Amino acid sequence: MVQEALREIKRGSGELIDEARLLDRLKGWFERGEHWTLKAGFDPTAPDLHLGHTVLLSKLAIAQRYGARIQFLIGDFTATIGDPTGKNETRKPLTRDEVLLNAKTYEEQVFKILDPAKTDLVFNSHWLKDLGAGGIIALASLSSVARMLERDDFEKRYRNQTPIAISEFLYPLLQGYDSVHLKSDMELGGNDQKFNLLMGRQLQGAYNQPRQAVMTMPLLEGLDGVQKMSKSLNNYVGVTEAPEEMYGKILSISDEQMWRWYELLSFRTLEEISALKSGVASAEVHPKKAKESLALELVTRYHGEAAAQAAQAHFERVHTQKALPDEMPTFHFGEPIWIGKAFLEAKLINSTSELRRMIDQKGVRIDSKVIEDFKTELQEGEFVCQVGKRRFARIRIGA
RNA sequence: GGUGGGUUACCCGAGUGGCCAAAGGGGGCAGACUGUAAAUCUGCUGGCUCAGCCUUCGGAGGUUCGAAUCCUCCACCCACCA
């Protein structure tokens with residue numbers, strides 16, 4: 001029993017540090033029904049979850065089956081202060097209200113996956129805001145600059161003479177202190193969080209607490225298959241996205257990437273997945289079929305089965321058969337009009353220069369006919385206008 | 001406080017008086033090929049009804065026939081020394 005639980009929890013994970021501690025807690029659950037605490041921290045700045053976040057969430061959900069109480073920590077403290085470091089973008093501090101609003105959004109999205117009865121939503125500002133300068137300095141004295149520089153990115157930046165703000169040293173400490181306050185038995189985080197997670201162990205030790213086990217999850221790559229999935233790179237699939245969008249995006253990932261997503265996102269067993277994989281390898285199963293099945297599973301999870309089926313049908317019609325979408329925005333003009341004006345109005349293009357380029361590239365169609373003349377005018381009637389593969393609009397001229 | 005370096009288009013980054021709407025790469029877009037795959041190939045990637053014109057190289061002035069490039073001031077960023 002305990003071993004099976006351990007396998008389930010470890011499945012797909014990156015690294016598990018202090019397996020003995022986790023085993024101990026699992027035994028406690030199976031033998032005496034004792035709950036154990038599993039902490040995971042989230043940044044309240046991004047209210048829209050994407051599939052990358054759900055890698056962690058799914059793992060938490062599995063742990064709940066084996067006695068874990070989830071300490072779902074919203075890192076609101078740093079968010080309301082703001083991190084001036086932001087190498088490329090300046091993160092502006094969030095107000096209390098914004099944080100609460102974001103937390104609310106979290107609740108709505110997260111509980112599609114997690115069991116609310118076994119989840120505690122906690123905000124670290126509750127204990128951090130009263131820490132005070134003295135508290136922070138005391139905390140800071142528990143670690144060293146050398147230790148901080150062990151962290152890969154700090155080390156690199158230091159060596160390359162790119163700036164490191166002092167506050168950046170503070171964040172791992174504060175995150176570690178969260179574990180002390182919550183007396184966490186285990187903490188789960190992304191691969192990139194390893195250093196911070198380990199800081200929790202170090203600080204718990206300093207406070208004479210048992211040290212938390214630490215498990216990291218690999219980061220899910222985004223639609224490009226290379227960079228991690230993130231909003232700012234715009235390579236993400238949001239969990240609240242429309243079913244058609246979600247389905248289409250999932251089908252656009254590479255075949256190679258598909259297996260990664262299966263591993264980290266699908267609820268299928270490892271055996272099922274490897275069966276599918278060998279099916280594709282031996283050409284018994286078309287890769288597209290395997291991908292469709294992944295897309296269906298995920299869209300069903302967030303939108304229900306009916307919506308997922310509809311999304312698939314939509315995709316087949318529009319993309320595979322290159323038929324027109326059944327719905328597209330409609331625009332109406334009273335008199336004959338130059339396509340440049342009409343398309344601009346319909347947001348099919350961003351500028352008339354873009355239109356010029358698109359026409360040169362044979363990317364503009366009206367009623368499925370490629371347009372060659374930049375000066376084309378639309379006369380009375382109704383036209384289906386298309387720019388590129390996915391920009392459509394219906395334009396009606398006349399009364 | 002001192003010294004030095006930097007600020008170029010979506011991002012990185014070349015450019016140090018005209019040939020610069022600005023190299024190269026990344027990203028993005030379009031077309032071909034497909035499974036709207038991926039990979040690959042080709043082209044495009046400031047605006048304007050475009051052989052031309054207009055606005056852009058941190059900001060404001062100035063020198064010059066001509067400035068991303070030279071000068072002055074300002075703002076911001078970084079490193080090193082204290």
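In this text, all values refer to a predicted model and were calculated from it rather than measured experimentally.
For the residue pair A:Ser254/A:Glu256, the side-chain donor-acceptor check at 3.5 Å is not satisfied. Inspection of the A:Ser179 and A:Gln212 side chains reveals an N or O donor paired with an N or O acceptor under 3.5 Å. Counted by atom type alone, A:Gln109 and A:Thr240 present zero donor-acceptor pairs between their side chains at under 3.5 Å.
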task = Mark up nucleotides 20-33 of chain B, 5' to 3', with B wherever a protein heavy atom is under 4.0 angstrom from a base atom, S wherever such an atom reaches only the sugar-phosphate, and - elsewhere.
result = ---------SSS--
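Distance CG (A:Asp360) to C1' (B:rU45): 13 Å, rounded to an integer number of Å. Rounded to whole angstrom, the span from the CD1 atom of A:Ile349 across to the P atom of B:rG47 amounts to 10 Å. A:Asn235 places its CG atom 16 Å from the C1' atom of B:rA38, with the value rounded to the nearest Å. Protein atom CE of A:Met258 is 11 Å distant from nucleotide atom C1' of B:rA38, rounded to whole Å. We find that CG of A:Leu223 is positioned 13 Å from C1' of B:rU36, with the value rounded to whole Å. Taking atom CZ of A:Phe392 as the reference point, atom C1' of B:rU36 lies 10 Å away to the nearest angstrom. One interatomic measurement links the two molecules: CZ of A:Arg356 to P of B:rG47, which rounds to 11 Å at whole-angstrom precision. Taking atom NZ of A:Lys341 as the reference point, atom P of B:rU49 lies 7 Å away to the nearest angstrom.
Contact annotation: side chain of A:Asp255 to base of B:rG35, donor-acceptor pair present below 3.5 Å. Side chain A:Ser353 to base B:rC50: a donor-acceptor pair is found below 3.5 Å.
Of the nucleotides present, B:rC48 is the one that pairs with B:rG52 by Watson-Crick or G-U wobble criteria, both distances under 3.5 Å. The partner of B:rG1, taking Watson-Crick or G-U wobble pairs whose two distances both stay under 3.5 Å, is B:rC81. Figure legend. B:rU42 is base-paired to B:rA30; pairs are counted as Watson-Crick or G-U wobble with both atom distances under 3.5 Å. Pairing for B:rC65 goes to B:rG18, judged as Watson-Crick or G-U wobble with the two contacts each under 3.5 Å. Shown here, B:rU7 forms a base pair with B:rA75; the pair counts as Watson-Crick or G-U wobble because both key distances fall under 3.5 Å. As the counterpart of B:rU36, no nucleotide is assigned, since no Watson-Crick or G-U wobble pattern has both distances under 3.5 Å.
Classified by interplanar angle (parallel below 30°, tilted 30° to 60°, perpendicular above 60°), the ring pair A:Phe30/A:Tyr66 is tilted. Ring orientation note: the planes of A:Trp259 and A:Tyr262 are close to parallel, at an angle under 30° on the 30°/60° scale. The aromatic rings of A:His50 and A:Tyr236 are tilted relative to each other, their planes meeting at an angle between 30° and 60°.
For the C1' atoms, the distance linking B:rU56 with B:rC20 amounts to 12 Å, nearest Å. B:rA67 and B:rG18 have their C1' atoms separated by 10 Å, with the value rounded to a whole Å. Across the C1' atoms, B:rU69 and B:rG62 are found 15 Å apart, a figure rounded to whole Å. Here the separation of B:rC76 from B:rA21, taken at their C1' atoms, is 26 Å to the nearest Å. With P as the reference atom, B:rG24 and B:rG15 are 14 Å apart, rounded to whole Å. B:rC12 and B:rU55 have their P atoms separated by 27 Å, with the value rounded to a whole Å. Across the P atoms, B:rC10 and B:rC65 are found 34 Å apart, a figure rounded to whole Å. Here the separation of B:rG27 from B:rC71, taken at their C1' atoms, is 38 Å to the nearest Å.
Taking only side-chain nitrogens and oxygens, A:Ser351 comes nearer than 4.0 Å to OP1 or OP2 of B:rC48. In this model, the phosphate group of B:rU36 is approached by a side-chain N or O of A:Lys288 to a distance below 4.0 Å at OP1 or OP2.
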Stepwise side-chain contact (heavy atoms from CB on, under 4.5 Å) test for A:Thr352 and A:Phe343 = CA-CA 9 Å; A:Thr352 57; A:Phe343 282 19; over 6 Å; no
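In terms of position along RNA chain B, the nucleotide closest to A:Tyr247 lies nearer the 5' end than the nucleotide closest to the other residue of the pair A:Tyr247 and A:Thr352. If A:Leu344 and A:Gly248 are placed on RNA chain B by their nearest nucleotide, the residue sitting closer to the 5' end is A:Gly248.
The side chain of A:Lys291 sits closest to B:rG35 out of B:rC50, B:rG35, B:rG47.
The aromatic ring centres of A:Phe374 and A:Trp338 sit less than 6.0 Å apart.
Taking the 5.5 Å centre cut-off and the 30° plane limit, the aromatic side chain of A:Trp338 is classed as stacked on B:rU49.
Among residues two or more places apart in sequence or in another chain, the side-chain hydrogen bond (donor to acceptor under 3.5 Å, both in side chains) test is passed with A:Glu241 by A:Lys249.
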